[in-house]
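Inspection log for the structure reproduced underneath, given as structure tokens.
Each chain gets a letter, A, B and so on, in the order its sequence line appears, and its residues count up from 1. Only heavy atoms go into these numbers, but all of them, side chains included; no hydrogens, no water, no symmetry mates. These numbers come from a predicted model, not from an experiment.
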Amino acid sequence: MEKVFALVDCNSFYASCEKVFNPTLEDKAVVVLSNNDGCIIARSKEAKDAGVKMGEPAFKIKDILEKKNVQVFSANFALYGDMSQRVMNVLSKFTPDLEIYSIDEAFLDIPGMKENELVLYAQKIRNTVLQWTGIPVTIGIARTKTLAKIANHIAKKSEKLKGVLSIIDEQSIEKALQITPVEDVWGVGQKYCAFLRSHGITNALELSKANDSWIKKHLRIVGLRTVEELRGKPCIAFDITVADKQAICTSRSFGQPLTDYADLEEAVSTFASRCAEKLRHQKSCASVMTVFVMTNLFAKDPKYVNGKTVQLAVATNNSSEIISHAVTLLKLLFKKGYKYKKVGVILAEFIPESEVQQSIWDNMNREKQSELMGVIDKITSTMGRDVVKFAIQGTKKRWKLRQEKLSPCYTTKWEDILTIDIDKE
DNA sequence: TCTGGGGTCCTAGGACCC
DNA sequence: TCTGGGGTCCTAGGACCC
């Protein structure tokens with residue numbers, strides 16, 4: 001029997017997370033902003049109805065937000081990450097074959113059933129997730145991932161489908177493809193959309209009927225896979241294993257532009273330390289590091305973008321070593337007189353911790369250092385980040401984000417835990 | 001005043017080798 | 001007018017995703 005995929009996607013995930021712990025937000029328009037309270041990255045249904053667009057810079061639509069009484073939140077990734085885990089936990093009760101695709105989406109490989117049973121099963125999943133976590137989800141069911149995405153998309157928009165749509169038979173697939181604009185197809189971004197439309201392909205059905213060699217020529221192999229998937233032939237594998245990352249990056253735009261080297265050094269060493277932490281988490285060591293700096297590219301001030309890469313003699317995941325390399329690179333990059341807006345640290349070319357090649361020139365006691373990192377990681381996981389840190393990371397934090405509307409970390413910080421007043425009526 | 005952050009995969013073209 | 005051919009590896013850049 002052919003496989004059937006269910007794509008479970010949380011509705012307006014970040015906005016829904018904010019609503020779970022704050023009942024006064026029910027039925028209210030809620031939006032969540034990107035880091036530095038920059039642009040809109042999530043909108044509740046009410047906010048969408050109010051005409052708030054995805055990706056819009058908040059300052060540009062300040063008037064609409066105020067006029068329509070939209071509740072605005074700074075991104076609280078600690079909360080969203082934890083809520084995501086809870087949702088995935090519930091899903092894993094239904095099947096071991098769960099591919100966590102992103103913070104708010106998972107593909108489920110569901111066992112062979114008749115179509116009406118599939119829909120009932122999906123309804124049950126949906127109700128359970130809502131009851132156990134407070135997060136509403138939508139489920140799309142089909143024989144390929146790309147089609148499941150399309151089913152999900154349609155189900156999101158239609159009230160009467162009650163959050164579940166299955167497209168298994170030819171007829172329902174064709175109908176679904178017909179009403180799906182080509183830009184809503186998974187794998188078709190801005191560039192490809194413009195190209196396809198300029199050649200008269202406006203919906204998913206037309207795309208599914210396009211000529212193979214023409215697609216391959218212009219949309220490459222990836223585009224051809226998308227087309228095959230639309231035709232019902234699975235080309236994107238189902239993979240429940242969590243792959244180790246091939247690159248780890250920590251970067252931020254600052255809440256205010258910075259001109260002093262010392263402030264950048266605090267930021268770069270903090271990001272480097274965070275990268276090292278992520279690297280140890282997956283038990284890898286990095287052989288290559290890049291640091292980049294940039295000024296605000298939107299402002300009229302002089303622009304400067306630059307990056308430098310270093311090959312490490314011995315692959316490492318040691319924080320102090322990674323920080324010291326990062327600072328060396330920053331010193332090479334820093335030029336006086338610019339207003340820096342963003343810096344970042346990227347680690348790459350990983351090898352497993354256990355397979356690191358030693359160097360005869362290496363005079364570091366790696367065993368002792370590794371024990372130290374273990375202790376630091378333990379303290380971080382039980383007592384919170386930055387309880388212990390390296391002196392160079394500093395305390396001024398002038399680089400910190402602007403987060404003026406941050407909600408409490410209801411589920412990950414003891415002091416933010418929800419309290420309920422039972423004396424009141 | 002204010003425009004996110006963190007990833008993946010694929011391809012073309014250059015360097016280099018025999 | 002001709003200027004080898006075929007292979008691998010690496011890198012930068014472009015497309016996409018959430």
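- At the heavy-atom level, A/N36 lies nowhere under 4.0 Å from the strands shown.
- Between A/D37 and A/K405 there is no salt bridge, since none of the side-chain N atoms of the basic residue sits less than 4.0 Å from a carboxylate O of the acidic one.
- Screening A/F238, A/W186, A/F5 for a ring pair (Phe, Tyr, Trp, His ring centres under 6.0 Å) involving A/Y101 leaves a single residue, A/W186.
- The one candidate from A/F254, A/F334, A/F292 that meets the ring pair (Phe, Tyr, Trp, His ring centres under 6.0 Å) condition with A/Y340 is A/F334.
- The distance from atom CD1 of A/I248 to atom CZ of A/F350, rounded to the nearest 0.5 Å, is 4.0 Å.
- Map A/R225 and A/C39 each onto its nearest nucleotide of DNA chain B; the residue landing nearer the 5' end is A/C39.
- The stretch residues 252-285 of chain A touches DNA chain B through A/R252, A/S253, each having a heavy atom under 4.0 angstrom from the strand.
- At the heavy-atom level, A/F77 lies nowhere under 4.0 Å from the strands shown.
- In this structure, A/E56 reaches neither bases nor backbone, as no heavy-atom distance under 4.0 Å exists between it and the strands shown.
- A salt bridge links A/K19 to A/E46: one of the charged nitrogens lies within less than 4.0 Å of a carboxylate oxygen.
- Nearer to the 5' terminus of DNA chain B, by closest-nucleotide assignment, is the contact made by A/F298 (compared with the other of A/D244 and A/F298).
- Heavy atoms from other residues, nucleotides or ligands lying under 6.0 Å from CH2 of A/W132 number 12 at most.
- For A/E18 and A/K28, the salt-bridge test fails: no basic side-chain N is under 4.0 Å from an acidic carboxylate O.
- The pair A/D263-A/K400 does not count as a salt bridge, with every side-chain nitrogen at least 4.0 angstrom from each carboxylate oxygen.
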Fill in the dot-bracket string of DNA chain C, one character per base: . for unpaired, | for a pair to another strand, ( ) or [ ] for pairs within the strand, taking Watson-Crick or G-U pairs under 3.5 Å.
....||||||||||||||
Using the salt bridge (Lys or Arg N to Asp or Glu O under 4.0 Å) rule, take A/E277 and A/R274 through it: C-alpha gap first, then chi angles, then the decisive distance, then the call.
CA-CA 5 Å; A/E277 211 178 285; A/R274 184 80 189 91; 3.0 Å; yes
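- A/I248 comes within 4.0 angstrom of sugar-phosphate atoms only, judged by non-hydrogen atoms across all strands, and of no base.
- Look at the C1' atom in both C/dG4 and B/dC16: the space between them is 16 Å, to the nearest Å.
- Side-chain contact between A/E265 and A/I392 is present, with heavy atoms from C-beta onward closer than 4.5 Å.
- Running 5' to 3' along DNA chain B, contacts with non-hydrogen atoms of chain A at under 4.0 Å begin and end at B/dC2 to B/dA12.
- Annotation for A/K45: atom NZ does not count as buried by contact number, only 12 or fewer foreign heavy atoms lying within 6.0 Å.
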